[in-house]
Visitor: 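Just dropping this structure here.
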Amino acid sequence: MAGYDYDLFVIGGGSGGVRAARVAAALGKRVAIAEEYRFGGTCVIRGCVPKKLYVYASQFPEHFADAAGYGWTVPEASFDWLTLVANKDKEIARLEAIYEKNVEGAGGETFHSRAVLVDQHAIYLTAEDRTVSADQILIATGGRPAPHPALSGHEYCIFSNEAFDLKELPKTIMIEGGGYIAVEFANIFHGLGVDTTLVYRGQEILSRFDMDLRRSLHETMEKKGIRILTHSISEGVRKTPGGRLDVLLSSGQTLTVDQVMLAIGRIPNTENMGLEGVGIELGKTGAIIVDQYSRTNIDNIWAIGDVTHRVQLTPVAIYEAMCFIETAFKDNPTAPDHDTIPTAVFSQPEIGTVGLSEDDAIKRYADVEIYRASFRPMRHTLSGRDEKMLMKLVVDGSTRKVLGAHILGPDAGEMAQLLGIPLKAGLTKDDFDRTMAVHPTAAEELVTMYKPTYRVKNGERV
């Protein structure tokens with residue numbers, strides 16, 4: 001290693017890359033990391049963090065309305081979009097500085113530059129106009145919203161990146177997509193007073209989630225006033241003389257809106273990095289192909305996070321970074337375990353889920369028990385809000401192992417994090433049943449559903 005400038009060079013300053021750089025530097029390794037935009041990556045700068053802040057902002061109208069049932073008189077409220085954007089920017093700048101400082105504090109070196117691979121051990125830093133060498137190279141450049149160049153008028157559309165920094169809040173918006181990004185932004189804009197339409201090509205929003213959650217959320221969103229058009233796609237966008245946008249849908253409808261946001265998936269950031277020249281193998285979408293230990297087909301080059309197109313979640317990228325450190329620098333080969341990952345959709349109401357959906361469980365197990373409860377949470381009783389909570393456990397009828405847990409309602413994401421522990425540990429429904437309930441809480445339903453709502457044997461409901 002002494003013949004190289006660095007023991008490890010990380011390309012990409014997002015959550016995964018920063019974690020790997022910081023931990024490796026703390027081990028005494030000579031580490032450098034390059035980020036061409038801003039440290040923090042998608043999650044901190046233009047993803048999870050600003051999104052959650054905007055979710056909070058969009059929830060206040062319902063909080064104000066619900067307060068009346070509890071005796072509060074709330075004056076007529078007003079909202080200033082630019083204030084939200086400015087305060088968000090301050091928080092993101094604070095977090096960005098922390099990310100970079102953490103690497104440097106551990107002894108690592110940071111570069112604000114694009115990094116391009118020259119060969120197996122050499123990296124060209126464009127902003128520095130110089131080449132450095134490293135024994136090990138880790139690529140953690142993440143992904144970005146998938147464009148739609150085939151769509152006529154795509155140049156008039158925005159993506160999630162731009163949605164955080166619009167110069168003014170639109171009065172009307174159409175969002176195309178049915179994944180968590182599209183659904184979350186539909187709820188955000190609606191909560192901020194924007195007339196919102198969600199357009200999705202599939203039969204139901206949020207594919208790969210449990211169908212009960214998908215249907216219940218769809219119904220609740222429509223009750224709130226969000227228009228959802230399924231089995232439909234946009235076929236063209238044109239600007240009107242007044243500066244608005246006409247969107248022609250495959251159904252024959254034309255929507256006239258102020259903004260069109262595309263949320264039709266994400267693609268890895270692997271272009272113009274010298275990957276092909278070095279011989280790194282890429283998949284059809286441009287994602288870097290890695291083995292179970294995150295190693296590419298080049299022995300000393302590794303990749304983690306969204307750039308590998310495995311599981312596109314920030315905690316997964318961080319976990320993969322830690323496994324990489326164990327494998328590359330601690331002589332302890334550790335493969336990331338991508339099974340039973342808790343996740344949340346910060347829709348309104350929230351979704352929290354971990355493990356198998358009912359449909360997936362039925363495909364894998366001959367005997368499946370379903371425990372299901374739908375009720376109005378206590379917080380909505382005095383407010384009068386007609387919004388139900390859904391809780392569901394999917395259980396292997398033979399072993400009693402809990403295969404999946406799914407929640408729709410307030411704080412569902414928090415519950416999913418905690419449920420991830422017993423499901424990862426392989427606990428059974430009997431373990432849930434002998435756990436004492438905390439009363440009065442919504443979560444107590446998870447340990448008081450003693451009898452199955454129904455069973456599915458060999459694919460047939462009984």
Visitor: Would you call the rings of Phe60 and Phe64 parallel, tilted or perpendicular if under 30° counts as parallel and over 60° as perpendicular?
Guide: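 It falls in the tilted class, 30° to 60°.
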
Visitor: Do Thr196 side-chain atoms and Val194 backbone N/O form a donor-acceptor pair below 3.5 Å?
Guide: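 A pair under 3.5 Å: yes.
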
Visitor: Report yes if the side chains of Gln203 and Thr230 come closer than 4.5 Å at any heavy-atom pair, otherwise no.
Guide: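 Answer no - side chains too far apart.
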
Visitor: Looking at Phe209 versus His406, is the centre-to-centre ring distance below 6.0 Å?
Guide: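 No - the distance between ring centres of Phe209 and His406 does not fall below the 6.0 Å cut-off.
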
Visitor: Take Ile289 and Asn297 through the test side chain to side chain contact (heavy atoms under 4.5 Å, CB included) and record every step on the way to the result.
Guide: CA-CA 8 Å; Ile289 296 175; Asn297 59 307; over 6 Å; no

Visitor: Could you list all the side-chain hydrogen bond (donor to acceptor under 3.5 Å, both in side chains) pairs where at least one residue sits in residues 167-190, not counting sequence neighbours?
Guide: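 The answer is Lys51-Glu184, Thr172-Arg244, Thr172-Asp258, Glu176-Ser234.
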
Visitor: Calculate, to the nearest 0.5 Å, the distance between atoms CG and OG1 belonging to Asp291 and Thr296 respectively.
Guide: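 The CG atom of Asp291 sits 8.5 Å away from the OG1 atom of Thr296.
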
Visitor: Taking C-beta and beyond as the side chain, do Ile137 and Leu8 meet within less than 4.5 Å on heavy atoms?
Guide: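 Side chain of Ile137 against side chain of Leu8, heavy atoms only: no contact under 4.5 Å found.
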
Visitor: Report yes if some heavy atom in the side chain of Ile407 is under 4.5 Å from a heavy atom in the side chain of Leu390; otherwise report no.
Guide: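 No; the side chains remain at least 4.5 Å from each other.
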
Visitor: Only pairs at least two apart or in different chains count here, so list each side-chain hydrogen bond (donor to acceptor under 3.5 Å, both in side chains) that has a residue in residues 16-28.
Guide: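 Applying side-chain hydrogen bond (donor to acceptor under 3.5 Å, both in side chains) to every pair that reaches into residues 16-28, excluding sequence neighbours, yields nothing.
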
Visitor: Take Ser152 and Glu235, measure what side chain to side chain contact (heavy atoms under 4.5 Å, CB included) needs, and give me the verdict at the end.
Guide: CA-CA 7 Å; Ser152 174; Glu235 295 188 333; over 6 Å; no

Visitor: Inspect the contact between Glu358 and Lys392 and indicate whether a charged nitrogen and a carboxylate oxygen are less than 4.0 angstrom apart.
Guide: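 Result for this pair is yes, salt bridge flagged.
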
Visitor: With distance as the sole test, does Lys239 use its side chain to make a donor-acceptor pair with the main-chain N or O of Gly153 at under 3.5 Å?
Guide: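 The answer is no, because no donor-acceptor pair under 3.5 Å joins these two groups.
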
Visitor: Does a side chain donor of either His338 or Glu320 reach within less than 3.5 Å of an acceptor in the other side chain?
Guide: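 Distance-only check passes for His338 and Glu320.
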
Visitor: Decide whether Asp337 and Tyr319 meet the rule of one side-chain donor and one side-chain acceptor closer than 3.5 Å.
Guide: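 Asp337 vs Tyr319: no donor-acceptor pair found between side chains.
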
Visitor: Applying the side-chain contact (heavy atoms from CB on, under 4.5 Å) criterion to Leu408, which one of Leu213, Asp210, Thr353 satisfies it?
Guide: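 Passing option: Leu213.
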
Visitor: If you compare all heavy atoms of Ile92 against all heavy atoms of Pro50, which two are closest, and at what distance to 0.1 Å?
Guide: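 Of all heavy-atom pairs spanning Ile92 and Pro50, the closest is CD1-CD, 3.9 Å.
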
Visitor: Nearest 0.5 Å, what's the CD-CD1 distance between Glu222 and Ile228?
Guide: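 The CD atom of Glu222 sits 5.0 Å away from the CD1 atom of Ile228.
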
Visitor: Assess whether salt bridge (Lys or Arg N to Asp or Glu O under 4.0 Å) is satisfied between Arg30 and Asp135, documenting all intermediate values.
Guide: CA-CA 10 Å; Arg30 296 169 300 155; Asp135 178 55; over 6 Å; no

Visitor: Can you check whether Leu117 reaches Met273 side chain to side chain, under 4.5 Å on heavy atoms?
Guide: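 No; the side chains remain at least 4.5 Å from each other.
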
Visitor: Go through the side-chain N and O atoms of Arg295 and Thr327 and say whether any donor and acceptor fall under 3.5 Å apart.
Guide: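 Not at all, the side chains of Arg295 and Thr327 share no donor-acceptor pair under 3.5 Å.
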
Visitor: For Thr110 and Glu100, does a side-chain donor sit closer than 3.5 Å to a side-chain acceptor?
Guide: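 Side chains of Thr110 and Glu100: pair found under 3.5 Å.
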
Visitor: Do the side chain of Thr270 and the main chain of Gly286 share a donor and acceptor less than 3.5 angstrom apart?
Guide: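 Side chain of Thr270 to backbone of Gly286: a pair is present.
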
Visitor: Return yes if some donor-acceptor pair links the side-chain N/O of Ser133 with the main-chain N/O of Asp5 below 3.5 Å, else return no.
Guide: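 It does hold such a pair.
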
Visitor: Just to verify, which of Trp81, Phe346, Phe189 counts as forming a ring-ring contact (aromatic ring centres under 6.0 Å, His included) with Tyr54?
Guide: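 By the ring-ring contact (aromatic ring centres under 6.0 Å, His included) criterion, Tyr54 pairs with just one of Trp81, Phe346, Phe189: Trp81.
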
Visitor: Would you name the heavy atoms of Asn161 and Asp165 that are closest together and state the gap between them?
Guide: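 Nearest heavy atoms, Asn161 then Asp165: O-OD2, 4.0 Å.
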
Visitor: Is a side-chain donor-acceptor pair under 3.5 Å present for Glu204 with His218?
Guide: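 The answer is yes; a qualifying pair exists.
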
Visitor: Main chain of Glu36, side chain of His112: is a donor-acceptor contact present, judged purely on distance under 3.5 Å?
Guide: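 Absent.
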
Visitor: If you measure from the Lys or Arg side-chain nitrogens to the Asp or Glu carboxylate oxygens, is any gap between Glu91 and Arg94 under 4.0 Å?
Guide: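 Result for this pair is yes, salt bridge flagged.
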
Visitor: Quick one: closest heavy-atom pair of Phe324 and Ala20, and the distance?
Guide: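 Distance-wise, the nearest heavy atoms are CD2-CB, 4.2 Å.
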
Visitor: Does any part of the side chain of Gln259, heavy atoms only, come nearer than 4.5 Å to the side chain of Leu166, both counted from C-beta?
Guide: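 Side-chain contact under 4.5 Å: yes.
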
Visitor: Which value, rounded to the nearest 0.5 Å, describes the distance between Arg227 atom CZ and Ile175 atom CD1?
Guide: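 So the gap between those two atoms works out to 14.0 Å.
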
Visitor: Is the backbone N or O of Val290 less than 3.5 Å from a side-chain atom of Ser294, with the two atoms forming a donor-acceptor pair by type?
Guide: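 No; zero donor-acceptor contacts below 3.5 Å.
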
Visitor: Please find the pair of heavy atoms, one from Ala405 and one from Leu393, that lie closest to each other, and give the distance.
Guide: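 Where Ala405 meets Leu393 most closely, the heavy atoms are CB-CD2, 3.7 Å.
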
Visitor: Verify salt bridge (Lys or Arg N to Asp or Glu O under 4.0 Å) between Glu387 and Lys224, making sure each step is shown before the conclusion.
Guide: CA-CA 10 Å; Glu387 193 171 298; Lys224 290 175 182 286; 2.9 Å; yes

Visitor: Could you tell me whether Arg379 and Asp66 make a salt bridge, using a distance below 4.0 angstrom between a side-chain N and a carboxylate O?
Guide: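 Salt bridge: no.
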
Visitor: Side chains of Asp7 and Gln136: do they bring a donor and an acceptor to under 3.5 Å?
Guide: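 On atom types as modelled, these side chains do not qualify, holding no pair under 3.5 Å.
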
Visitor: Could you go through Phe432 and Val402, starting from their C-alpha distance and side-chain angles, then the distance that decides it, and tell me whether this counts as side chain to side chain contact (heavy atoms under 4.5 Å, CB included)?
Guide: CA-CA 9 Å; Phe432 276 60; Val402 181; 3.8 Å; yes

Visitor: Quick one: are Thr343 and Val354 in side-chain contact, heavy atoms under 4.5 Å?
Guide: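 No, side chains not in contact.
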
Visitor: I'd like to check Leu198 versus Leu229 (side-chain heavy atoms, cut-off strictly below 4.5 Å). Are they in contact?
Guide: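 When only atoms from C-beta onward are counted, Leu229 and Leu198 do not touch, as no gap falls below 4.5 Å.
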
Visitor: Would you say the ring centroid of Phe164 lies under 6.0 angstrom from that of Phe185?
Guide: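 So the answer is yes for these two rings.
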
Visitor: For the residue pair Thr141 and Asn269, what are the closest heavy atoms and their distance?
Guide: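 Looks like OG1-O, 2.8 Å.
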
Visitor: Is it true that a side-chain atom of Glu128 and a backbone atom of Arg130 form a donor plus acceptor pair closer than 3.5 Å?
Guide: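 Answer holds: no.
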
Visitor: Just by distance, do the side chain of Thr334 and the backbone of Cys323 share a donor-acceptor pair under 3.5 Å?
Guide: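 A pair under 3.5 Å: no.
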
Visitor: Roughly how far apart are Ile421 CD1 and Gln417 CD, rounded to 0.5 Å?
Guide: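 It is 6.5 Å, given to the nearest 0.5 Å.
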
Visitor: Testing the basics here: between Ala134 and Phe9, what is the closest heavy-atom pair and its distance to 0.1 Å?
Guide: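 Closest heavy-atom pair between Ala134 and Phe9: CB-CB, 3.6 Å.
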
Visitor: Would you say Ser58's side chain and Tyr56's backbone share a donor-acceptor pair under 3.5 angstrom?
Guide: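 Such a contact is absent between Ser58 side chain and Tyr56 backbone.
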
Visitor: Quick one: does Asn332's side chain have a donor or acceptor within less than 3.5 Å of a partner on Glu326's backbone?
Guide: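 Looks like no, no N/O pair under 3.5 Å.
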
Visitor: Take Ile267 and Thr285 through the side chain to side chain contact (heavy atoms under 4.5 Å, CB included) test and state the conclusion after the steps.
Guide: CA-CA 7 Å; Ile267 59 175; Thr285 62; 5.7 Å; no

Visitor: CD/Glu414 to CG/Leu419 distance, rounded to the nearest 0.5 angstrom?
Guide: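 If I round to the nearest 0.5 Å, the distance is 11.5 Å.
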
Visitor: Do you know which of Ile158, Ile173, Leu245 makes side-chain contact (heavy atoms from CB on, under 4.5 Å) with Val260?
Guide: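 Of the listed options, the one satisfying the test is Leu245.
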
Visitor: With the side chain counted from C-beta on, respond yes when Val257 and Val247 share a heavy-atom pair under 4.5 Å apart, and no when they do not.
Guide: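 With C-beta onward as the side chain, the pair touches.
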
Visitor: For the pair Glu62 and Arg385, evaluate salt bridge (Lys or Arg N to Asp or Glu O under 4.0 Å) and give the outcome as yes or no after the intermediate values.
Guide: CA-CA 9 Å; Glu62 289 190 356; Arg385 182 168 297 281; 3.7 Å; yes

